[in-house]
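Following: one structure in structure tokens, then a few remarks.
Keep in mind that what you see is a predicted model, and the values were worked out from it rather than measured.
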Amino acid sequence: ADITPEELFNVFFGGHFPTGNIHMFSNVTDDTYYYRRRHRHERTQTQKEEEEEKPQTTYSAFIQLLPVLVIVIISVITQLLATNPPYSLFYKSTLGYTISRETQNLQVPYFVDKNFDKAYRGASLHDLEKTIEKDYIDYIQTSCWKEKQQRFWHSPCFRTSAQQMSFEERILRSRKQ
């Protein structure tokens, strides 16, 4: 298709699609330059006519920017409503998790901030410790799975033939010594 960079820009940012005939030329002859030039001229004329018929107002510009504004506003609101969890499995002084504790059941170490004792007591502390233990188990399982994957893909079975030969040569050399 014969489309100019300006038309491509207008498709994405101008709000309208190119007008006029867009032709595909399969036979390249001397006349193709004439046809492309003529059709490009027709497209620019119809675009100018459309722009004259539809004046750009501040309202239409606002309507075009409205989706972007909505996304920005939603992201700001979600950031303001998001809170830090009351604990961390790791020491994080930047978030204030500097006091070390352990769960009663599995003795899982975790870190809290200085106001933790005031907010969590009794049943709420017990429920939170169950959540901490579940998160810890999930973390250990994920770490184990990742380590197994690394060992599996770095094992001699999955090396290329050149790497495999060098590996075998190293074994033979170590046996000779």
Hey, could you give me each pair passing ring-ring contact (aromatic ring centres under 6.0 Å, His included) that has a residue in residues 124-144? Not counting sequence neighbours. F90-Y139
Restricting to non-hydrogen atoms, name the atom on T103 and the atom on E133 that form the minimum distance, rounded to 0.1 Å. OG1-OE2, 2.9 Å
Would Q141 and D138 count as a side-chain contact (heavy atoms from CB on, under 4.5 Å) if you check the C-alpha gap in whole Å, the side-chain angles of each, and the deciding distance to 0.1 Å? CA-CA 5 Å; Q141 287 176 339; D138 290 344; 4.0 Å; yes
All heavy atoms of Q104 vs all of Q107, minimum pair found to be O-NE2, 2.8 Å
Would you say L106 ends up clustered with I140 if hydrophobic residues are merged whenever their side chains have heavy atoms under 4.5 Å apart, either directly or through other cluster members? yes
Could you tell me which residues satisfy side chain to side chain contact (heavy atoms under 4.5 Å, CB included) with N84, sequence neighbours excluded, listed by chain and number? L95, Y97
Measuring from D135:CG to Y87:OH, what's the distance to the nearest 0.5 Å? 3.0 Å
With D117 via salt bridge (Lys or Arg N to Asp or Glu O under 4.0 Å) - residues at least two apart: R101
Please assess Y120 against E129 for the test side-chain contact (heavy atoms from CB on, under 4.5 Å), listing each intermediate value before the final yes or no. CA-CA 10 Å; Y120 292 94; E129 285 188 351; over 6 Å; no
Measure across A119 and S124 and return the closest heavy-atom pair with its distance rounded to 0.1 Å. O-OG, 4.2 Å
If you look at every heavy atom in P86 and F116, which pair is closest and at what distance? O-CD1, 3.8 Å
Distance, nearest 0.5 Å, that separates CD1 of I132 from NZ of K130: 13.0 Å
Straight-line distance of C144 SG to Q149 CD, nearest 0.5 Å: 10.5 Å
With the 4.5 Å side-chain cut-off for hydrophobic clustering, are V112 and L128 part of the same group? yes
Same apolar cluster (I L V M F W Y, side chains within < 4.5 Å links), I137/L89: yes
In terms of hydrophobic clustering (I, L, V, M, F, W, Y; side-chain heavy atoms under 4.5 Å; direct or indirect links), are F111 and L125 co-clustered? no
Identify the residue among L66, L65, T58 that makes a side chain to side chain contact (heavy atoms under 4.5 Å, CB included) with F62. L66
